[in-house]
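Here's the structure we're looking at; comments come further down.
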Amino acid sequence: MPQSLSMSWLTVPTPLPSGPMHIAVTPLGVASAGYTGPREGEAPACTDASKVAVVTERIGAYLAGRTRELGLPIDWSLSSGPHRAVLRTLWREVPYGRTITYGELAARSGVFEDVAEPGLAARTVGQMMAANPVPLLVPCHRVVAADGLGGFGGGRVGIEVKRWLLTLEGVLEPTLDWNGPL
């Protein structure tokens, strides 16, 4: 049975500007995470109390600033090919409190060696980050534009989530309206 058929969803309360996160788990780990709710018709609610407790505790500890690592297993089944290679590069090579530009991530991944058009690899990485099935676990918020913050899915609220996470990690200075841990 494909892992996507054995997904179940849970909701994790967060202090993020977007509200709670919605997480899909499989027997292999977290397969999907999002800052908006699951779409109608998606997998059922997770009834495994131990999975719910572990995911909720680890995401809560991370967002409260008590840990720098989520330590949750990832089910990579919703990404493949170059997309998976870029996501794995980000996951392995860009630690808490650090950022990388879209172009630098493209170069580090090795996926775009034959791309000659200027900026194409960086733009493609931006699209890949927008399609990241496991944001926060694979920290696409750490990927920034060469000339600033860059984008983040979810429009204005998405950018606020990116700012919040980068402030939590010490990349950005807290603003007067910061509501995270100090």
Check: Between K162 and V144, is a side chain to side chain contact (heavy atoms under 4.5 Å, CB included) present by the stated rule, with each step listed?
Finding: CA-CA 10 Å; K162 185 172 189 170; V144 298; 4.2 Å; yes

Check: After noting the C-alpha distance and the side-chain angles of F112 and V86, does the key distance pass the side chain to side chain contact (heavy atoms under 4.5 Å, CB included) rule?
Finding: CA-CA 10 Å; F112 302 96; V86 169; 3.9 Å; yes

Note to self: D48 vs V52, test: side chain to side chain contact (heavy atoms under 4.5 Å, CB included). Steps then yes/no.
What the structure shows: CA-CA 6 Å; D48 183 330; V52 171; 5.8 Å; no

Next item on the list: Test side chain to side chain contact (heavy atoms under 4.5 Å, CB included) on W9 and I23 and set out the steps.
Entry: CA-CA 6 Å; W9 288 87; I23 310 293; 5.6 Å; no

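A salt bridge links E169 with R142: at least one charged nitrogen is closer than 4.0 Å to a carboxylate oxygen.
For the residue pair L10 and V55, the shortest heavy atom distance occurs at CD1-CG1, 3.8 Å. Considering all non-hydrogen atoms of both residues, V94 and P139 come closest at O-CG, 4.3 Å. The shortest heavy-atom contact between L136 and L70 is O-CD1, 3.7 Å. Shown here for L78 and P133, the closest heavy-atom pair between the two residues is CB-CB, 3.9 Å. In plain terms, the two heavy atoms of P135 and N132 that are nearest each other are CD-O, 3.3 Å. Nearest heavy atoms, W178 versus L168: CH2-N, 3.5 Å.
Counting only heavy atoms from C-beta outward, the side chains of P20 and Y35 never approach each other to under 4.5 Å. In this structure, the side chains of S8 and V25 come closer than 4.5 Å at one or more pairs of heavy atoms.
R58 places a side-chain N or O within 3.5 Å of a backbone atom of G71 that can act as its donor or acceptor partner. Distance alone, capped at 3.5 Å, is enough to place a donor-acceptor pair between the T14 side chain and the G19 backbone. Side chain of K51 to main chain of C46: no donor-acceptor pair is present (N/O by atom type, distance under 3.5 Å, no hydrogens or angles). Not one N or O on the side chain of E93 forms a donor-acceptor pair closer than 3.5 Å with the backbone of L90.
Note that CG of L16 and CZ of R163 are 14.5 Å apart. Values are rounded to the nearest 0.5 Å. Atom CE of M128 is separated from atom OH of Y102 by 13.5 Å, given to the nearest 0.5 angstrom. Summarising the geometry, atom OG belonging to S18 is positioned 10.0 Å from atom CH2 belonging to W164; distances are rounded to the nearest 0.5 Å. Put simply, CE on M129 and OG1 on T124 are 11.0 Å apart, with the number rounded to the nearest 0.5 Å. Remark: L149 CG to H141 NE2 distance equals 11.0 Å, nearest 0.5 Å. Annotation: the span from T67 atom OG1 to L63 atom CG amounts to 11.0 Å, rounded to 0.5 Å.
Legend: ring pair (Phe, Tyr, Trp, His ring centres under 6.0 Å) pairs involving residues 62-96, not counting sequence neighbours, sorted by first then second residue: Y62-Y96, W76-W91. Each side-chain hydrogen bond (donor to acceptor under 3.5 Å, both in side chains) pair with one or both residues in residues 109-122, not counting sequence neighbours, appears once here: E117-R123.
Only one option out of I59, V134, V138 pairs with V30 in a side chain to side chain contact (heavy atoms under 4.5 Å, CB included); it is V134.
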